[in-house]
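Beneath this line is the structure, given in structure tokens, with notes to follow.
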Amino acid sequence: MDWMAWTWPTAAFFATIAALLVLFTVLAIRFPETPRVGVLRIETTRGDRLFITLLGSAFLNLAWLGLAPWPQWGALILCAGWAAAVFRWV
């Protein structure tokens, strides 16, 4: 498999997403929730907000790579703020 370089950061990234999916599945089974309406004016659950967070984080990281001359750690901080905002207000 020479077509993709699996580095430790890449493996950690995918392991984190897998762990989040398992965690949110356990939370959904253990603590069922009713959808809520946030600033988007659509009903969302924890899983919906996780999806919005991951999708937005992907776009933030791509924009950071293309536009910012600073290290990628800054995008990680920006994504953490994005995640907090989504889970609070969406």
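All values derive from a computational prediction rather than experimental measurement.
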Single-linkage hydrophobic cluster W70~L78, side-chain heavy atoms < 4.5 angstrom: yes
Joint cluster assignment, L54 & F59, ILVMFWY side-chain distance < 4.5 Å: no
Gap separating the CG atom of L23 from the CZ atom of R46, nearest 0.5 angstrom: 9.0 Å
hydrophobic_cluster_shared for F14 and L21, side chain cutoff 4.5 Å: yes
E43 bridged to R36 by N-O distance under 4.0 Å: no
Counterpart residues, side chain to side chain contact (heavy atoms under 4.5 Å, CB included), relative to F87 (two or more places apart): F24, R49, L50, T53
Exam field: side chain W64 to backbone P69, donor-acceptor pair closer than 3.5 Å: no
W82 atom CH2, neighbour heavy-atom count above 12 within 6.0 Å: no
Donor-acceptor pair, side chain of N61 and main chain of A58, under 3.5 angstrom: no
Nearest-0.5 Å distance that lies between atom CG in L27 and atom OG1 in T45: 11.5 Å
hydrophobic_cluster_shared for F51 and W89, side chain cutoff 4.5 Å: no
Distance in Å, T25 OG1 paired with L20 CG, rounded so as to fall on 0.5 Å steps: 10.5 Å
Shortest non-hydrogen contact between T44 and V90, atoms and distance: OG1-O, 3.5 Å
Same cluster (ILVMFWY, side-chain, under 4.5 Å), V39 and V86: yes
